[in-house]
2 protein chains.
Amino acid sequence: MTTTAPETTTRMRSEERRALVLEAATRVFGERGYHGATTDAVARAAGVSQPYVVRMFGTKEAMFLAVLDRAVERMMDAFRAAVAESADAPEGIGRCIATNYVELLSDRGLLLSLMQAFMLGADPVIGPEARACMRKVYVFLREEAGMAPDEAHEFLATGMMLNTLVGLRMADDYEREPAVRELLDEVFPTKLEFLLSLRDRES
Amino acid sequence: MTTTAPETTTRMRSEERRALVLEAATRVFGERGYHGATTDAVARAAGVSQPYVVRMFGTKEAMFLAVLDRAVERMMDAFRAAVAESADAPEGIGRCIATNYVELLSDRGLLLSLMQAFMLGADPVIGPEARACMRKVYVFLREEAGMAPDEAHEFLATGMMLNTLVGLRMADDYEREPAVRELLDEVFPTKLEFLLSLRDRES
DNA sequence: GGCATTTGTAATCATTCGATTACTTCTAAA
DNA sequence: TTTAGAAGTAATCGAATGATTACAAATGCC
């Protein structure tokens, strides 16, 4: 017991570890933004050392791009699943996607990382990649989900607002501020308890 | 000519200089976000030294809060003006505010700084202040602009989307990407040439 | 004109952070 | 069993950055 215990170091395959780090990075980037996130915070969130996460992706920038790519792919997966479901669903496809969209919020940071990227359009590397993400989503809504331009527009607008309210942590003021309660009741008519449950499991 | 020329150092009253620095800070924070912006970048954008901007606000955080405060006040001013105009205007009050809103985009960074703050809801200092900004806007729409909850909701959603598309610099791809052209034509039906002109005077 | 106040800068400090290097430990194949 | 490669860390480095200090120069007031 004089020497430090082996601590049951769970050793993983690099792919498995990479997935873990990507998930942690998604949470950290979503919460603090690209510049506010540190590789050390990602490392601690993933339970590995800081040099390891840097070497895993080469640079912090490459790591963020990997997070972005994963986020948009997962979002498209959820959307595709919603389209498949909506084939024999009474409600419109928009409502169906929207339901899956709100549930994407449970993947902490996924939508927020995307939003954080959307705010960095001026960045020479991240900007073009972020625009490509937005394009992918729009083209999906138009061509795969079969929405008209104005439907896609409205859908995107609602999505941006949901993202913003989550990024703001507006639910923190739900009980204290009547105006906030009214707004959230309006914006999340059916999914409010879900949103509040998300809030209550914060670090 | 051997000694360095006096360079016509325009000396200002502190209030005037403060306004100049705040405007520069708004641009820099809007473009790079709170963490990505440096006090040095703000100083250079304002044409003063870095220690000066720090001492002017005490800390970078206080400077960002000052930017936030100015931004939300200017937005409310524009909204109030729109409400006054709409008293004897045929189109609805929503459309009238929306017009003024788009024109707020010409104050480079103002809406983007707000959006950047909205994405930092987890920050212990910036978060509460950002939520207060959002509350102010919502309460204004409900009580002063006389909107119903669902009208305010839709208005906010459209605003978030406009902000996001501007932050993304989506207009950069207007000519190159047909999908982007379609989206922007839909979202900015009357104000497109205005948006494109904004894009064309970038640093 | 003298002088206190305000406006502003140069130099520099301490910290943080991304990245690098060198090393250890575990695993699997021959 | 040996050993090559993969998984992972400790230590540390250099650059960037927010902040501080000390100082210079312009302004206004008596």
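Proteins come first, then strands; the chains are lettered A, B, ... in the order of their sequence lines, and each starts at number 1. All figures in this text were calculated on a predicted structure; none of them were measured in a lab.
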Using OP1 and OP2 only, check whether a side-chain N or O of [X] sits under 4.0 Å from [N].
| X | N | value |
| --- | --- | --- |
| B/Arg44 | C/dT9 | no |
| A/Tyr52 | D/dT9 | no |
| B/Ser14 | C/dT7 | yes |
| A/Thr39 | C/dG18 | yes |

Review point. In terms of side-chain geometry, is the basic nitrogen of B/Arg131 or A/Glu177 positioned less than 4.0 Å from the acidic oxygen of its partner?
Key: no

Review point. Does A/Asp77 come within less than 4.0 Å of A/Arg74, counting only side-chain N to carboxylate O?
Key: no

Using whole Å, what does the distance between atom [atom2] of nucleotide [N] and atom [atom1] of [X] come to?
| X | N | atom1 | atom2 | value |
| --- | --- | --- | --- | --- |
| A/His35 | D/dG18 | NE2 | C1' | 16 Å |
| B/Arg13 | C/dT5 | CZ | C1' | 13 Å |
| B/Asp40 | D/dT17 | CG | P | 8 Å |

**Study point:** Distance in Å, B/Leu165 CG paired with B/Leu183 CG, rounded so as to fall on 0.5 Å steps
**Key:** 5.5 Å

**Study point:** DNA chain D contacts made by residues 15-23 of chain B, counting heavy atoms under 4.0 Å
**Key:** none

**Study point:** For DNA chain D, the residues among residues 56-70 of chain A that have a non-hydrogen atom under 4.0 Å from it
**Key:** none

Review point. Would B/Phe79 and B/Phe155 count as a close aromatic pair, with their ring centres under 6.0 Å?
Key: yes

May I ask you to check whether over 12 heavy atoms, not counting those of [X], lie within 6.0 Å of atom [atom1]?
| X | atom1 | answer |
| --- | --- | --- |
| B/Glu15 | CD | no |
| B/Glu151 | CD | yes |
| A/Gln50 | CD | yes |
| B/Glu193 | CD | yes |

Point to revise | B/Gln50 or A/Val48, whichever maps to the more 5' nucleotide of DNA chain D | key: A/Val48

Revision key, fill the gap. Note: for A/Ser49 and B/Arg55 on DNA chain D, the residue whose nearest nucleotide lies more 5' is A/Ser49

Point to revise | Minimum-distance nucleotide to A/Pro51 side chain [options: C/dA28, C/dT21, D/dA6] | key: C/dT21

Check your understanding: Has the side chain of A/Arg11 got a donor or acceptor that lies under 3.5 Å from a partner of the other kind on the base of D/dA6?
Key -> yes

Review point. Hey, does the Lys NZ or Arg CZ of B/Lys60 hover above the aromatic six-ring of B/Tyr34, less than 6.0 Å from the centre and inside 45° of the axis?
Key: yes

Review point. Contact class for A/Ala43 vs. all strands (heavy atom < 4.0 Å): base, sugar-phosphate, or nothing?
Key: nothing

